[in-house]
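Comments concern the structure below.
Just so it is clear: chains get the letters A, B, ... in the order the sequence lines come, proteins before strands, and each one is counted from 1.
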Protein chains: 2
Amino acid sequence: MRYKIQYAMALNKKNSFGKKEQDLAECAKALAHPARIAILKVLAQHNECICGEIVSVLPLAQSTVSQHLKELKNAGLIIGTVDGPRSCYCINWKAFEKFNREFSFLFNHLKTEQACC
Amino acid sequence: MRYKIQYAMALNKKNSFGKKEQDLAECAKALAHPARIAILKVLAQHNECICGEIVSVLPLAQSTVSQHLKELKNAGLIIGTVDGPRSCYCINWKAFEKFNREFSFLFNHLKTEQACC
DNA sequence: ATCTTATATCGCAAATATACGATTAATAAG
DNA sequence: CTTATTAATCGTATATTTGCGATATAAGAT
């Protein structure tokens, strides 16, 4: 079948949802790439500021790692401070706790009885 | 500046990471859209099979909702059973517990002392 | 002042995700 | 059998993400 109609923009409907849903989804999106999980893992294991070490551990170009770090920072999951020509990143544990709390709150309701499936 | 070089395919590097990182990221990706959070919320509140009700609650077309349900199903977060002309979905609580466990395991290491930031 | 080092940003290409209408499939109802 | 109902899938357009090389920036070293 041919489609002759010109479609309207694939509208971004994300704003049609509640703030809680949006925030949770935003946070999950930051976690939705193995490179970012790996970065967080490295930061968690060191629990101190790392910078170029992350690049040397990951199988990605420096610019790509920098971009992933930026996304984690924008999501609030890590904190970055500039120290001369190098940057220093740490996990924002409070943000993680908040994520866990919100996440559990949404889904821990009726875990006891399953009506079907 | 002009770029004359033809770039190599933007290679998918996701397989360069460990299975645990990939699985966690995969799960997070399924949660990375407010519509899917909203769907899970509805399922959690009812704790029983819902189908077209989800469509009527969400501000999205039926085909779009069906697509989101498929993604949640592929990620293993929900279970779907066909019941005549209608489909019935439930939350897969075990998958959620696993996600929570893996997630905590990765990041609960050295939460106590923060060296900087 | 120039060079080096570490990191962020820009510009692009490719891949993936989002969204919807149209269609199909499968069963139920008449 | 025909029709109605429910949901999945297909085809398309658009938006966003991923990734890298090139460049810019910023501070320390020489």
Could you tell me how far apart [X] ([atom1]) and [N] ([atom2]) are, to the nearest whole angstrom?
{"X": "B/Ile39", "N": "D/dA7", "atom1": "CD1", "atom2": "C1'", "value": "13 Å"}
{"X": "A/Leu69", "N": "D/dC20", "atom1": "CG", "atom2": "P", "value": "14 Å"}
{"X": "B/Lys14", "N": "C/dA17", "atom1": "NZ", "atom2": "P", "value": "6 Å"}
{"X": "B/Leu72", "N": "C/dA17", "atom1": "CG", "atom2": "C1'", "value": "14 Å"}
{"X": "B/Glu53", "N": "D/dA7", "atom1": "CD", "atom2": "C1'", "value": "14 Å"}
{"X": "B/Asp83", "N": "D/dT5", "atom1": "CG", "atom2": "P", "value": "18 Å"}
{"X": "B/Lys29", "N": "D/dT17", "atom1": "NZ", "atom2": "P", "value": "13 Å"}
{"X": "A/Asn74", "N": "C/dA8", "atom1": "CG", "atom2": "C1'", "value": "13 Å"}

How long is the span from the CD atom in B/Glu53 to the SG atom in B/Cys51, to the nearest 0.5 Å?
6.0 Å

Euclidean distance, A/Phe103 CZ relative to B/Phe99 CZ, rounded to 0.5 Å:
5.0 Å

As a test of reading the structure: which of [options] is closest to the side chain of [X], going by heavy atoms?
{"X": "B/Ala61", "options": "C/dG21, C/dA19, C/dT18", "answer": "C/dG21"}
{"X": "B/Arg86", "options": "D/dG19, D/dA8, D/dA7", "answer": "D/dA7"}
{"X": "B/Cys51", "options": "C/dC20, C/dT18, D/dA7", "answer": "D/dA7"}
{"X": "B/Gln67", "options": "C/dA19, D/dT18, C/dT5", "answer": "C/dA19"}
{"X": "B/Pro85", "options": "C/dA28, C/dA19, D/dA8", "answer": "C/dA28"}
{"X": "B/Lys13", "options": "D/dG19, D/dG28, C/dA8", "answer": "D/dG19"}

May I ask you to decide if B/Lys29's main-chain N or O and B/Arg36's side chain share a donor-acceptor pair within less than 3.5 Å?
yes

Is B/Ser87 touching bases, backbone alone, or none of the nucleic acid, heavy atoms closer than 4.0 Å?
sugar-phosphate

Report which part of the nucleic acid B/Lys73 touches: base, sugar-phosphate, or nothing (heavy-atom distance under 4.0 Å, all strands).
nothing

Test side-chain contact (heavy atoms from CB on, under 4.5 Å) on A/Phe96 and A/Ile91 and set out the steps.
CA-CA 8 Å; A/Phe96 271 84; A/Ile91 287 189; 3.8 Å; yes

Given [N], is OP1 or OP2 found less than 4.0 Å from the side-chain N or O atoms of [X]?
{"X": "B/Asn12", "N": "D/dT18", "answer": "no"}
{"X": "A/His68", "N": "D/dT17", "answer": "no"}
{"X": "A/Tyr89", "N": "C/dA8", "answer": "yes"}
{"X": "B/Thr64", "N": "C/dA19", "answer": "no"}

Can you find a donor-acceptor N/O pair under 3.5 angstrom joining the side chain of A/Gln62 to the base of C/dA6?
no

Between A/Arg36 and B/Val55, the residue closer to the 5' end of DNA chain D by nearest nucleotide is B/Val55

If you take all heavy atoms of B/Leu43 and B/Ile54, which pair is closest and at what distance?
CD2-CD1, 4.2 Å

Ignoring hydrogens, what is the shortest heavy-atom contact between A/Val82 and A/Ser87? Give both atom names and the distance.
CG2-OG, 4.3 Å

Mapping B/Glu71 and A/Ser66 onto DNA chain C by nearest heavy atom, which one lands closer to the 5' end?
A/Ser66

When you match A/Phe17 and A/Lys70 each to their closest nucleotide on DNA chain C, which lands nearer the 5' end?
A/Lys70

